[in-house]
> 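Take this structure, written in structure tokens, and hold onto it; I'll ask about it next.
Order of the sequence lines sets the chain letters (A, B, ...), proteins ahead of strands, with each chain counted from 1.
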Amino acid sequence: MKYSNFFISTQKDVSKDVKLISHLFMLKSGMIRQETSGIYSWLPIGFRVLKKVIKIIEEIHDRHNINQILMPTIQSADIWKISNRYESYGKEMLKITDRNEKELLYGPTNEEMITAIGKHYLKSYKDLPLNLYHIQSKFRDEIRPRFGVMRAREFLMKDAYSFDLTEEDCLTTYINYFKMYLFIFKKLGIPIIPVKAPSGEIGGSLSHEFHMIVDSGESEICFSDELLKKNLLDISDSELINIRSYTSDFDKIEVGKDKLIKKKSIELGHIFLFGQKYSKPFDLHVDSKNGKVFPYMGSYGIGVSRIPAAVIEKFHDEKGIVWPKEISPFQIIIINLLTKDKVCCNYTDYLYEHLKNNRLDILLDDRDESAGKKFADADLSGIPLKLIIGKNFLNENLIGVSFRNLNKEELIHKSEIESYLNKFIKNITHDYKI
RNA sequence: CGGGGAGUAGCGCAGCCUGGUAGCGCAUCUGUUUUGGGAACAGAGGGUCGCAGGUUCAAAUCCUGUCUCCCCGACCA
């Protein structure tokens, strides 16, 4: 993408009410725009980040043979009456009626709908297990939306649902999701702490949340510091689900005892094992050798649109965002400092086309702006690698190479730039093996 | 939902107390000079002061109502 074709507007000033650093940088860098309280548009540079987050989540789910579907955002009240949640969910649920006075709602979650889908298609024990997921907008009419997309009313969520024949199988599925979540967050570059949680409105017997520790977080978790030293992907299943960490509203915590420490955090994921809670009232059953069986179910959510904000909370400096390259809107920005010089323009165009052919996301800053503004914008948007073409190139064929997270610049000769960049390119190819 | 603020140019804000021709910075447009860390000079455009009603010769300013947004506390990805 060339800057001259790119719809972006960076901003120097945003309202003094914006306190959260991720909210501030998302507004300044032109990632999002608030439409009304708790409801946001994602603008091109922000949407690029969101799409990369989505892509990583999708690839990992697909590798686990979880089928992607897309359910509607608007649901019928009927199915929510079956589970008795139409009333109990409370004011967070946005209820609407259509022209025929039919009661509808903007879905805050999809357990009912997925159960209705399961009821229609699952007939035999041979149809199990079944795993489905989708990535879709949810609406929860929060009492007080705040902090930008961190606590929005409309937000993007990945929610997966599982159907198993037995309680044992369901637990195995749950643990598999647990491990997959650890892996997803690792891929996203987010240090994550899984904690035991009360299962709340979704209901059920077992539930874990996935938190990132950050001082500006709205949640609070307690855990033993031994947890931080372990590689959680290596520990045994039973150790994993009996992990000694809790949300601070968890009934059983005794802070201080057993050296539990308390930290502020952001919740990014939540998994539930709720067994037959929905299959029974929906009369979703399959035939098996032992007769009629209600499948055991679980649901598994990730707050997708919250992730870019969470990453910014963790990775930023005084100049702006410092994206991990996996989810950066662009991997490289080429800055042409002498846009009126033919030699520089020709070379930056060449470099841009060449790198694009390597399937990299490149932003070419071809604007007729001052050097300072170009650098400031590049740093604000957090692009990991800057290639700077200016006087040094004109005089000595030298290209400035500057990594966003290192805060220093190297000069590389034109003849060596490709081999230099190859190292960087290799470094950003993904491997999703688990 | 309780408590507290704010709506004035695209964005950020001042003006309001004490009523009298609507201002500043950034951004935008034109021109010239600039280009290795948010450039300089000169010029220009842009507003029914959230909305409705009231007081007054006169309302951004005072009064009433209303809508919206934001901030501090209990729920949630």
> How would you list, by chain and number, every residue that makes a salt bridge (charged side-chain N to carboxylate O under 4.0 Å, His left out) with A:Asp17, sequence neighbours excluded?
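Testing A:Asp17 for salt bridge (charged side-chain N to carboxylate O under 4.0 Å, His left out), a comparison that skips the adjacent residues, returns none.
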> So which protein nitrogen or oxygen atoms get under 3.5 Å of nucleotides 30-32 of chain B's nitrogens or oxygens?
none

> Tell me, which of residues 33-51 of chain A have any heavy atom that sits under 4.0 Å from an atom in RNA chain B?
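Per residue number, the list reads A:Gln34, A:Thr36, A:Ser37.
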> Restricting to pairs with a member in residues 68-81 of chain A, which pass salt bridge (charged side-chain N to carboxylate O under 4.0 Å, His left out), not counting sequence neighbours?
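Passing the test, one end in residues 68-81 of chain A: A:Asp78-A:Lys102, A:Lys81-A:Glu103.
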> Residues in ring pair (Phe, Tyr, Trp, His ring centres under 6.0 Å) with A:Tyr181, at least two apart?
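Applying ring pair (Phe, Tyr, Trp, His ring centres under 6.0 Å) to A:Tyr181 gives A:Phe210.
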> According to the ring pair (Phe, Tyr, Trp, His ring centres under 6.0 Å) rule, which pairs have a member within residues 367-407 of chain A, sequence neighbours left out?
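For residues 367-407 of chain A, and leaving out neighbouring residues, the ring pair (Phe, Tyr, Trp, His ring centres under 6.0 Å) pairs sorted by first residue read A:Tyr347-A:Phe393, A:Phe403-A:Phe424.
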> Under a 4.0 Å heavy-atom cut-off, which of residues 388-398 of chain A touch RNA chain B?
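The stretch gives A:Ile388, A:Gly390, A:Lys391, A:Asn392 as the residues lying under 4.0 Å from the strand, ordered by number.
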> Mind jotting down which residue pairs meet the ring pair (Phe, Tyr, Trp, His ring centres under 6.0 Å) criterion with at least one end in residues 14-55 of chain A? Sequence neighbours excluded, please.
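Sorted result for residues 14-55 of chain A: empty, none.
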> Can you give me the N/O atom pairs linking the protein to nucleotides 12-16 of chain B at distances under 3.5 Å, or say none if there are none?
from	atom 1	to	atom 2	distance (Å)
B:C13	OP1	A:Lys16	N	3.3

> May I have the list of side-chain donor-acceptor pairs in residues 410-419 of chain A shorter than 3.5 Å, sequence neighbours left out?
from	atom 1	to	atom 2	distance (Å)
A:Glu410	OE2	A:Tyr420	OH	2.8
A:His413	ND1	A:Ser415	N	3.1
A:His413	ND1	A:Ser415	OG	2.9
A:Glu418	OE2	A:Tyr350	OH	2.9
A:Ser419	OG	A:Glu416	O	3.1

> Tell me the salt bridge (charged side-chain N to carboxylate O under 4.0 Å, His left out) pairs involving residues 26-41 of chain A, sequence neighbours left out?
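Residue pairs with at least one partner in residues 26-41 of chain A: A:Arg33-A:Glu35.
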> Does the protein touch nucleotides 40-45 of chain B at the base, only the backbone, or not at all? Give it as B, S and - per nucleotide, heavy atoms under 4.0 Å.
------
